[in-house]
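Below is one structure, written out as structure tokens, with a few remarks after it.
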Amino acid sequence: GAEGEGGPGGSGGRPPLTMFVGWFSVAFEGSPTSPSLVEVELTTGPEEPLGTHWGQEAFIVYPPLPLRADEDSIQCRFRMERQLENWRL
């Protein structure tokens, strides 16, 4: 087909990029003056076998970004800011 034609919503049969997902992990190791006897890791990742009360985040891409079949990666700039009304969001 012509350049840009493809499967549902994307070129080359790939679906378009509609979101990024994210999570975080933190290692609590103490400090140089007060080291921890046991390192503790807090993760909100989807691979956590016991689950977590924290949620992962979905960052919607709108409009969806078409992806080419011959590309394995994309480059982008991502910026996120807290809401003024609610500092936790």
Side-chain angles (χ1 to χ4, degrees):
E3 182 70 26
E5 290 183 357
S11 60
R14 284 194 172 182
L17 178 67
T18 58
M19 72 176 67
F20 292 96
V21 295
W23 58 88
F24 66 87
S25 298
V26 177
F28 295 97
E29 303 170 331
S31 68
T33 59
S34 182
S36 176
L37 297 177
V38 177
E39 182 179 313
V40 176
E41 182 182 51
L42 167 67
T43 181
T44 64
E47 73 284 349
E48 175 59 40
L50 300 177
T52 174
H53 72 281
W54 294 87
Q56 292 82 39
E57 294 295 327
F59 303 99
I60 306 301
V61 175
Y62 186 81
L65 180 64
L67 299 174
R68 293 178 23 182
D70 61 342
E71 293 179 320
D72 289 330
S73 65
I74 60 169
Q75 291 184 0
C76 66
R77 183 175 297 203
F78 182 82
R79 180 177 173 166
M80 183 173 71
E81 296 180 12
R82 289 182 175 168
Q83 294 181 358
L84 293 176
E85 309 83 42
N86 184 345
W87 64 272
R88 297 188 67 179
L89 299 177

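The structure displayed is predicted, hence computed values, not measured ones. What you see below is based on every heavy atom in this structure, not just the backbone, and it leaves out hydrogens, waters and symmetry mates.
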Practice item. Heavy atoms only: give me the nearest A58-M19 pair and the separation to one decimal. Key: CB-SD, 4.0 Å
Check your understanding: What's the shortest heavy-atom distance between S25 and T43, and which atoms?
Key -> OG-OG1, 2.8 Å
Review point. When hydrophobic residues are tied together by side-chain contacts of less than 4.5 Å, even through go-betweens, does L67 share a cluster with V61?
Key: yes
Exercise for review: With sequence neighbours excluded, tell me which residues meet side chain to side chain contact (heavy atoms under 4.5 Å, CB included) with E57.
Suggested key: F59
Check your understanding: To the nearest 0.5 Å, how far apart are CG in D70 and CZ in R68?
Key -> 4.0 Å
Practice item. For the pair T44 (side chain) and F24 (backbone), establish whether a donor and an acceptor sit closer than 3.5 Å, ignoring hydrogens and angles. Key: yes
Practice item. Mind checking the CD1-CG spacing from I74 to L17? Nearest 0.5 Å is all I need. Key: 5.0 Å
Review point. Mind checking whether W23 and L42 sit in one hydrophobic cluster, side chains of I, L, V, M, F, W, Y counted as touching below 4.5 Å?
Key: no
